Amino acid sequence: MRFKDRRRSVNIQGQLGRMFLLMGIVIVCQTASFAQKAPLYTIRYQQEATGRIAFGAKRIVAALKKAGYPTQLISFRQSLKKHQPGRRYIDIGIAGAPGIGQIIHEAQASAHLDTAKEGFTIQGAENGNVLIAGADGSGALYGCLELYERITRQVTKAGSASAALKDIDSLFRGIRFSDQPQMTLRGACIGLQKPYMLPGRGTYEYPYTRESFPWFYDKELWIRYLDMLVDNRMNTLYLWSGHPFASLVRLKDYPDAVEVDSATFAANQEMFHFLTTEANKRGIWVIQAFYNIIVSKPFAEKHHIKTQDRNRPITPLIADYTRKSIAAFVKQYPNVGLLVTLGEAMEGVGPDDTKWFTETIIPGVKDGLKAIGQKIQPPIILRAHDADGPAVMAAAKPIYSNLYTMAKYNGEALTTYQPRGPWAELHRKLSAASPVQIENVHILANLEPFRYGADDFIQKCVQAMHKIYGSNGLHLYPQASYWDWPYSADKADPRLLQINRDWIWYAEWARYAWNADRDRIAEENYWAGRLSEKYGCDLATGAQILRAYEASGEIAPKLLRRYGITDGNRQTLSLGMLMSQLIDPEKYNLFTLLYNSESPEGEMITEYAKREWLHQKHVGETPVQIAEEVLVHARQAVAAIQAAEKKIGRNSAEFNRLKNDMICYQHLAEFYSKKVMAALHILRYGYSHDVQDLESALPLLSSSVEAFRKLAAVAGPAYLYANSLQTGARKIPLTGKDGQNKTWSDLLPVYQQELDNFKKNIQALKLHGASRSDQKATVVTLKPAQVRFLNPPKSMDTGKDQKETLGTYYIEQDHNVSADMFSVGKKGCPFKDTLVQLDTVAGILQGLQGIQVDRARQIQAGTRLYFKTDKPVRLLVGFFTRKNKAYLKEPELETDASANDYGQAATTIANAGILRGFPGINVHSYSFREGVHDLQLGKGICLLLGFIQRAKDIPAFDAGLGATGSQPDLDWLFR
């Protein structure tokens, strides 16, 4: 396994030791005891363009002043005089630079200093002088921070500055320390995004304005955040936005594309320059992320196009606008990097990704560099999300050499430090293709909103990044409330800042990004010490708090990886799951990567139940195992935090919030544990048809509701919400559209109703002897609807019909002509170019009028419907359950933010029919208001099963038809 840590073989510690031995020969050592009065220290630092060494030197001055030392701060430009006997110096610079070279010469040493990038050496001498030599400006800065922290710890340990003087003097005389980071890039991100979508805008579309992001214009807050990053030795800051260019640059050819007023535009540019300047002082590279293809709203309106359309072909107009936007950005902000997401807002894996990256994005960067006369190519980071990253890299390398890659570590969650399967293989391919492969610890939907600080879990994750993925970069999301930055979800007045609440989250990931191979026992002592400082308690109490963090830190990862529907933020783990989602996850668009890559080998709930019934041996981690383990972890966490409670000396309010989180985790674990065990009994009933299995499930389900009631009682008063994404993109357990279902009190009645219905249906079975075949899904009659297909609109590029210029497959049909219609049902023919027939369909679909399509053209050009309706309607679309390049992919929010624009994300009817020679069929419903609509479904075969009147929502159910429909539909037990 390749381990990319950029270390070189040269060791400067020994060379510096020889240098200071020589200094000891020419300078008389001080043998008398250290005087109580602190001596004057002259801090001499090398001046360089970034200001990083000066920043670090000022930190040392601040620490010395706090410790009671008089100080003098001068640069090498101000003074290159020899050390004066009897005076004390701290010299700071880059190894091999003139200033440092002169100091070595004074000591009659000729060693050439060198080390790994961002590395440093600190060398003390018997006369109290200290030299900090960095491989570069960042290395010197990190050396300063190391010395600063050691001075500060001595003062804290001693209890006062005067008491610490002797210890600090010993520190300066004895320090011999070298260090360097393992990971090349170590950074965190901030999203310029909101919990909700702005009116009239799509996903990720948030112009930079004071109304939406007042914190963006708060320089004091930025300084605090940047200081937090540098204190944790982070060297990158990512700003996430859908289309930032229209808030930051103005284009000569498209002046109307700017999305903000002139005053805001000027403020944005000023803030960006401020941010990048301050970040550079701290050795932090600012990187702007953007999605493709998104254009500005004024530009879209002027040219009569959508701001984003995943299935829209690349057009010359859009390509020109984007290329010039990127060029203007690079010209205006040459030191800001670019993180490119090719997926979500353009067609997924396919040739368009490569074409867009190589013919639009890279040329735009080159245009910007050419405009400022810069020949060195800065890195472009390619995010391998909903795109074939290795293929794009292979095509791009010949035209742009400096390319980095990025991919999600555990999807949009934190689930395991044992990644495997196809996802691990992708990461290894990216690592082989790129000098820097960055692991994106993304969204963390399963950790919201509770605190997380499991240092042991995090350390193992970073080790896995190196050893399993072969990666050497970290990109870290906020631990919770990403969409609500800078605030946490806690109910507090004033609201808590994430950087304060979740300090340990940033500190742990950053510490192990610097060095993942630290000794475990030493790490436990280190974090116990940090926690004892935080809460004003002894080391043993700090260790108890750490144990609570570590125990609770196992709960959410284990719950999601063994019971979840998805690793994406469409699921909020802390709000629980419906029984239907536990016993029939496929119906809810199960994201299989969660189980085959982002968890240890093991069994889903449905797999476990089947093996139990067939008396087969179980494999790996099981649902029952996790149900037991999370209860143990929860008890350990609560016991540890309670043991620490009486010894807290400061920050008691925050400690009480942490303690409450541990109690929340305990009730959450109880909810899932009991409900999963109930689910296994219910699934057994699907095989046995024995009501006693349902009777066995009843007390367990009742206990799970009671646990959730307790969770609501402790979490509700503590938090504003459970999840910061509050749009229709959130689906599990229930929709988050318009801010619905975001608290535990919202979900408690749902789970109570589930229990009440279960009791009622058990009684019905016992009294009436009804079989499962009598308890089908609620009968809904679907009424066909008529729409009028229109001529395709003109292309804004050519003025011709888009079907002529874009190759799009438009459905053209007079609704009164039945030649292109087919009757949905047995022997129905959905395709014009083949005689393949339906064998059977769900009864609810029988008799609908489907629309025949040309299968070959669907594959080649995609399917597009341009139509008008006078009433609200739904279009039922059938997707094949097996993945194949020839099949249109089911709506998937994990990779497509627009996958619910028409309410189509959730499966309406799972296993809805059998088409001879094809996989099973899942039906999704697309909803339209009255008016004109232009629906693009993308490339691949699908079934158009007809328009219906849009009345009430169709209750989702599994029709049990097709290859994956063997498990009986048991949802009726909870209706």
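Owing to the predicted nature of the structure, the values given are computational and were not obtained by experimental measurement.
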Electrostatic pair Glu533-Arg650, nearest N-O below 4.0 angstrom: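 Not counted as a salt bridge, because no side-chain N and carboxylate O are separated by less than 4.0 Å.
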For Lys157, all residues meeting side chain to side chain donor-acceptor pair (under 3.5 Å), sequence neighbours excluded: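 With sequence neighbours excluded, Lys157 shows a side chain to side chain donor-acceptor pair (under 3.5 Å) to no residue whatsoever.
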Tyr41 meets the side chain to side chain donor-acceptor pair (under 3.5 Å) criterion, sequence neighbours left out, with Arg88
Verify side chain to side chain donor-acceptor pair (under 3.5 Å) between Asn335 and Thr276, making sure each step is shown before the conclusion. CA-CA 8 Å; Asn335 296 322; Thr276 53; over 6 Å; no
Quick one: list whatever passes ring-ring contact (aromatic ring centres under 6.0 Å, His included) with Tyr142, sequence neighbours left out. Trp514
Side-chain atoms of residues 50-58: list all donor-acceptor pairs with protein atoms under 3.5 Å, sequence neighbours left out, distances to 0.1 Å.
unit_1, atom_1, unit_2, atom_2, d
Thr50, OG1, Glu48, OE1, 2.4
Thr50, OG1, Glu48, OE2, 3.2
Thr50, OG1, Arg52, N, 3.2
Arg52, NE, Asn280, O, 2.9
Arg52, NH1, Ser138, OG, 2.9
Arg52, NH2, Asn280, OD1, 2.7

Taking atom types as modelled, find out whether [X] and [Y] have a side-chain donor-acceptor pair closer than 3.5 angstrom.
X: Gln544; Y: Arg547; value: yes
X: Asp538; Y: Thr541; value: yes
X: Tyr512; Y: Glu523; value: yes

Could you go step by step and tell me if Glu645 and Asn656 meet the side chain to side chain donor-acceptor pair (under 3.5 Å) rule? CA-CA 8 Å; Glu645 185 173 11; Asn656 288 333; over 6 Å; no
Decide if the gap between the ring center of His442 and the ring center of Tyr409 is smaller than 6.0 angstrom.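 Between Tyr409 and His442, which both carry aromatic rings, the centre distance is not below 6.0 Å.
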Taking the six-membered ring of Tyr487, is the NZ or CZ of Arg501 close enough (under 6.0 Å from the centre) and on axis enough (within 45°)?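 Negative - Arg501 is either too far from the ring of Tyr487 or too far off its axis.
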Is the side chain of Asn235 donor-acceptor paired with the backbone N or O of Ile284 at a distance under 3.5 Å, no angle test? no
Going by side chain to side chain donor-acceptor pair (under 3.5 Å), name the pairs with one or both residues in residues 220-230, residues two or more places apart or in two chains. Arg224-Asn500, Asp227-Arg282
Applying ring-ring contact (aromatic ring centres under 6.0 Å, His included), which residue pairs with at least one partner in residues 515-544 are found, sequence neighbours left out? Tyr535-Phe655
